Amino acid sequence: MCAASQSIVDIRHVNKSFGALKALNNVSLSMNLGEKVVIIGPSGSGKSTLLRSINKLETVDSGSIIVDGQDINDPKTDINKLRMELGMVFQSFNLFPHKTVLENLTIAPVKLKGLSKAEAEAIGLKLLDKVGIKDKAHVYPSRLSGGQQQRVAIARALAMSPKIMLFDEPTSALDPEMIGEVLDVMVTLAREGMTMAVVTHEMGFAREVADRVVFMDHGAVIEQGTPEHFFTSPENERTKLFLSQIL
Ligand code: ADP
Ligand code: MG
């Protein structure tokens, strides 16, 4: 296999507009298996659009996105099957309110992967244990704190055994005292080798976990490098300005 085939996500020259607004401007970004990429940038810079494009929640206007060797825009690609390889966690937890915590974790594996209810529950309980809320398996999401709900959302994504996890500002809607418990779960996941793309303003997390930090502004990737590079010697003026505002 050639070296290029090692990248599990390969985004090339992607453009996406909403009317006159250019949300993604010639974005190229690739991720290797096991790599943790943290995406930062001001509000409206295209971070969510980029993540959403990876699992085709947004359709790009031009350019290519290859996930695990498959072009997501190729009509021959089974996008629903490919989406099973991508776990996504949003700022708003989006749990099913009328299902218990455990049911939130078992619905998709039973429906989409054909697991038996018992198999899915066994996996679900293991994952709830992993995120530290096994005791909440049979309660409804509304009974949980925001931090607990977000941990359920992460466990729910993991229940599909994804190859890649996409996080879009997973702690932005949380009260400060709950941010740590969610980041801890993400750090554990990172240490276990998960491939992760994380949009976040949590620079401590970026420092600790990121193999690479990507700074976006006005729909474009402006600068990328190691956390050390970003926090000691950012080059672009816009990167410097942004970092000075959030650090
Ligand atoms: P970020 O996540 O970095 O804050 P987004 O990717 O959400 O940025 O948005 C990038 C730009 O695209 C913003 O100007 C936003 O208002 C616009 N945008 C995003 N989604 C839509 C949409 N569905 N319709 C119109 N404009 C959108
Ligand atoms: Mg966003």
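Whatever order the structure lists ligands and atoms in, that order sets their numbers, starting from 1. Please read all numbers here as calculations on a predicted model, not as lab measurements.
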Protein heavy-atom partner closest to [atom] - residue, atom, separation in Å:
atom                    : value
atom 9 (O) of ligand 1  : T49 OG1, 3.8 Å
atom 27 (C) of ligand 1 : F18 CD1, 3.2 Å
atom 8 (O) of ligand 1  : G46 N, 3.2 Å
atom 7 (O) of ligand 1  : S48 CB, 3.7 Å

Donor + acceptor pair across side chains of E223, H229 (<3.5 Å):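 The answer is yes; a qualifying pair exists.
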
Between D71 and T77, which heavy-atom pair has the shortest distance, and what is it?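 Closest heavy-atom pair between D71 and T77: O-OG1, 2.6 Å.
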
Considering non-hydrogen atoms only, spot the tightest contact between E103 and K99 and give its length.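 In terms of heavy atoms, the two residues are closest at OE1-CA, 3.4 Å.
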
Check this for me - ligand 1, [X], N or O atoms closer than 3.5 angstrom, yes or no?
X   : value
K47 : yes
G44 : yes
L21 : no

For ligand 1, which atoms sit closer than 4.0 Å to a heavy atom of [X]?
X   : value
A23 : 12 (O)
P42 : 3 (O)
S43 : 4 (O)

Metal check, the Mg ion (ligand 2) vs S48 N/O/S, cut-off below 2.8 Å: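 Coordinating: yes.
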
Cationic tip of K240 within the cone over F242's six-membered ring, i.e. under 6.0 Å and within 45° of the normal?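 No - K240 does not lie over the ring of F242 by the 6.0 Å and 45° rule.
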
Does R156 make a cation-pi contact with F96, if we ask for NZ or CZ under 6.0 Å from the ring centre and within 45° of the axis?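 Yes, cation above the ring, under 6.0 Å and within 45°.
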
Might you check, step by step, whether the distance between atom 15 (C) of ligand 1 and some protein heavy atom is under 4.0 Å?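 False for atom 15 (C) of ligand 1.
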
I'd like to know if S45 contacts ligand 1, where contact means a heavy-atom distance under 4.0 Å to any ligand atom.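 For ligand 1, residue contact (heavy atoms, under 4.0 Å) with S45 is present.
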
Give a yes or no answer on whether the side chain of S116 reaches the backbone of E119 with a donor-acceptor pair at less than 3.5 Å.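 It does hold such a pair.
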
Under 3.5 Å: donor-acceptor pair, side chain of N32, backbone of E35: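 The answer is no, because no donor-acceptor pair under 3.5 Å joins these two groups.
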
Pick from L24, D61, V60: which one makes a side-chain contact (heavy atoms from CB on, under 4.5 Å) with S17?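 With S17 as partner, L24, D61, V60 yield a single side-chain contact (heavy atoms from CB on, under 4.5 Å), made by D61.
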
Ring centres under 6.0 Å, that's the criterion: do F230 and F215 meet it?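 Centroid distance F230-F215: not below 6.0 Å, so no.
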
